[in-house]
Amino acid sequence: NMEISEFQKNISVINEFIYFDENDYLREKTTNPLKLKEFIADAKYLLSENEEHKYYLCGIIGNLYRICEEPQDALNYLHECLNISLEEGNIKKEIVSLIRLGETLKYANQHQKALELFNSALTKCHDKQVELYLDFTLQHKGKCLMELGELEEAETCFVQSLKLREHKAEPSLIKSTELALNLIRTLKKKN
């Protein structure tokens with residue numbers, strides 16, 4: 001019988017199997033879909049045993065399905081996260097859920113719907129002074145705009161995100177935004 005703490009420890013290695021595909025607008029992909037499917041199965045088992053960690057587990061399952069390029073399955077779990085956040089009245093969870101849903105809609109090639117969710121998350125960040133997720137929201141909105149070929153607007157999002165991330169001083173976040181800015185400059189040269 002696996003405990004949630006054991007699952008969290010097991011899944012901490014996940015970044016070894018996930019990368020940003022520079023040939024596909026920096027979408028998250030996996031080098032090991034089978035490993036991700038194992039994590040999904042473990043998380044579903046825990047979910048069946050345990051209501052207490054429902055938001056966390058649904059979020060993990062949703063994200064992993066997205067990375068495995070199964071956005072429909074992902075959307076079901078991520079909608080559940082949004083519902084939980086609304087029931088709890090938890091604005092941080094709500095913003096995170098909107099970002100994750102938006103990202104998944106992008107993978108499902110529903111870019112306009114995705115943008116609506118990113119814009120909703122941005123509004124909530126500003127209205128409720130939730131600065132913590134502003135850089136993530138801008139980053140994901142920028143990537144969505146980039147896929148739509150809206151390069152100027154995308155670049156503006158990345159520049160704003162980079163400023164916030166430099167302020168946070170988190171090297172991995174800074175690096176991922178610099179990667180996005182480099183890609184946008186490459187794309188602009190091609191146009």
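- Using a 4.5 Å cut-off on side-chain heavy atoms (C-beta onward), F118 and L145 make no contact.
- Linking ILVMFWY residues whenever their side-chain heavy atoms come closer than 4.5 Å, directly or via other members, places F17 and Y65 in the same cluster.
- Within 6.0 Å of NZ on K168 lie more than 12 heavy atoms contributed by other residues, nucleotides or ligands.
- A distance of 8.5 Å separates CD1 in I11 from CG in D42, rounded to the nearest 0.5 Å.
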* To do: Give the C-alpha distance, both sets of side-chain angles, the deciding distance and a yes or no for side chain to side chain contact (heavy atoms under 4.5 Å, CB included) between L26 and K143.
  => CA-CA 8 Å; L26 301 175; K143 285 170 129 184; 3.6 Å; yes
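- Under a hydrophobic-cluster definition in which Ile, Leu, Val, Met, Phe, Trp and Tyr are linked whenever side-chain heavy atoms come within less than 4.5 Å, directly or via other members, V13 and I60 are assigned to the same cluster.
- Hydrophobic clustering places I174 together with L183 (ILVMFWY residues linked when any side-chain heavy atoms are closer than 4.5 Å, directly or through intermediates).
- More than 12 non-hydrogen atoms from other residues, nucleotides or ligands lie less than 6.0 angstrom from NZ of K188.
- Closest non-hydrogen pair, K92 versus V130, comes out as CG-CG1, 4.0 Å.
- Going from atom CZ of F158 over to atom CD of E153 covers 11.0 Å, rounded to the nearest 0.5 Å.
- Taking CD1 from I184 and CG from L151, the interatomic distance works out to 5.0 Å, rounded to the nearest 0.5 Å.
- For the side-chain hydrogen bond (donor to acceptor under 3.5 Å, both in side chains) with H111, the qualifying choice from E116, E150, E147 is E147, the only one to do so.
- When atom types are taken as modelled, the side chain of T104 and the backbone of P71 share no donor-acceptor pair closer than 3.5 angstrom.
- Here L36 contributes atom CG and E70 contributes atom CD; the two are 10.0 Å apart, rounded to the nearest 0.5 Å.
- Considering only heavy atoms from C-beta on, Q139 comes within 4.5 Å of R165 through its side chain.
- Judged by distance alone, the side chain of R27 and the main-chain N or O of K106 form a donor-acceptor pair under 3.5 Å.
- No more than 12 heavy atoms of other residues, nucleotides or ligands shown are found within 6.0 angstrom of CD on E22.
- A donor-acceptor pair is defined here as one N or O able to donate and one able to accept, closer than 3.5 Å; such a pair exists between the side chain of Y107 and the backbone of E28.
- Scanning all heavy atoms of the two residues, the minimum distance from A154 to G142 falls at CB-O, 3.3 Å.
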* Would K93 and V96 count as a side chain to side chain contact (heavy atoms under 4.5 Å, CB included) if you check the C-alpha gap in whole Å, the side-chain angles of each, and the deciding distance to 0.1 Å? -> CA-CA 5 Å; K93 284 183 179 176; V96 169; 5.7 Å; no
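- The hydrophobic clustering, which links ILVMFWY residues whose side-chain heavy atoms are closer than 4.5 Å, places I67 and Y19 apart.
- The shortest side-chain heavy-atom distance between D73 and I40 does not fall under the 4.5 Å cut-off.
- Taking the side chain as every heavy atom from C-beta outward, R185 and E155 approach each other to under 4.5 Å.
- Within the 4.5 Å cutoff, the side chain of N76 has no heavy atoms near those of the I61 side chain.
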* Might you work through the salt bridge (Lys or Arg N to Asp or Glu O under 4.0 Å) test for K163 and E166, ending with a clear yes or no? => CA-CA 5 Å; K163 279 193 186 120; E166 283 169 344; over 6 Å; no
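- Using a 4.5 Å cut-off on side-chain heavy atoms (C-beta onward), I95 and L132 make no contact.
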* From CA spacing to verdict: side chain to side chain contact (heavy atoms under 4.5 Å, CB included), H140, R100 -> CA-CA 9 Å; H140 287 291; R100 287 173 169 174; over 6 Å; no
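- Residues L122 and L134 have side chains in contact (heavy-atom distance under 4.5 Å, counting atoms from C-beta outward).
- Taking 4.5 Å as the limit, some side-chain heavy atom of L187 sits within range of a side-chain heavy atom of Y25.
- Heavy-atom minimum distance, F39 versus F7: O-CE1, 3.6 Å.
- Note: K44 NZ to C58 SG = 10.5 Å, rounded to the nearest 0.5 Å.
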* **Working for side chain to side chain contact (heavy atoms under 4.5 Å, CB included), residues T177 and D135** => CA-CA 9 Å; T177 305; D135 59 318; over 6 Å; no
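- Y56 and Y133 fall into different hydrophobic clusters, where Ile, Leu, Val, Met, Phe, Trp and Tyr residues are linked whenever their side-chain heavy atoms come under 4.5 Å apart, directly or through other members.
- Across all their heavy atoms, L117 and G102 have their closest contact at CD1-N, 3.7 Å.
- Atom-to-atom distance recorded for M146:CE and C157:SG is 11.0 Å, nearest 0.5 angstrom.
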